[in-house]
Amino acid sequence: DFLFFRHHRYIFEKKQLEAKKTTEEGAEKKTKQTKVQARLQELGPRFTLRLLSLQKGILNWKHGEFEWVNSKQGAYNRRTFVL
């Protein structure tokens, strides 16, 4: 019944990590590693559409074949929105 639209982007961050390793002789060796961390950032605007009907083929309101028609066209209230 509803279509939700969101817009995201990927953010890649490079981080330098220092690790200490002990060798067999007991000496400590410092190594640098580069780690790439990915995260999502949500961008705006986000919006929701209420689906009224699905039509098969080319859009023709008079003689078109509808696959699905919303039978509850006025039953939704913005304050009591429930999936």
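Sequential numbering from 1 along the given sequence is applied to the chain's residues.
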**Prompt:** Do F2 and L51 come close enough that some side-chain heavy atom pair is under 4.5 Å?
**Reply:** no
**Prompt:** Between L40 and F12, is there a shared hydrophobic cluster once you connect ILVMFWY residues whose side-chain heavy atoms come closer than 4.5 Å?
**Reply:** yes
**Request:** For the pair L54 and F66, evaluate side chain to side chain contact (heavy atoms under 4.5 Å, CB included) and give the outcome as yes or no after the intermediate values.
**Result:** CA-CA 6 Å; L54 279 178; F66 289 91; over 6 Å; no
**Asked** Does E67 CD have over 12 foreign heavy atoms under 6.0 Å away?
**Response** yes
Please table the atom pairs, donor to acceptor, closer than 3.5 Å between any side-chain atom in residues 27-37 and protein atoms at least two apart or in another chain.
from	atom 1	to	atom 2	distance (Å)
T31	OG1	A19	O	3.3
T34	OG1	Q16	NE2	3.4
Q37	OE1	K15	NZ	3.4

**Prompt:** Hey, what do you get for CZ (R6) to CZ (R46), rounding to the nearest 0.5 Å?
**Reply:** 5.5 Å
**Prompt:** Can you tell me how far CZ of R39 sits from CD of E13, rounded to the nearest 0.5 angstrom?
**Reply:** 4.5 Å
**Request:** Kindly write out the residues that satisfy side chain to side chain contact (heavy atoms under 4.5 Å, CB included) with L49, not counting sequence neighbours, or none if the list is empty.
**Result:** L3, F5, F47
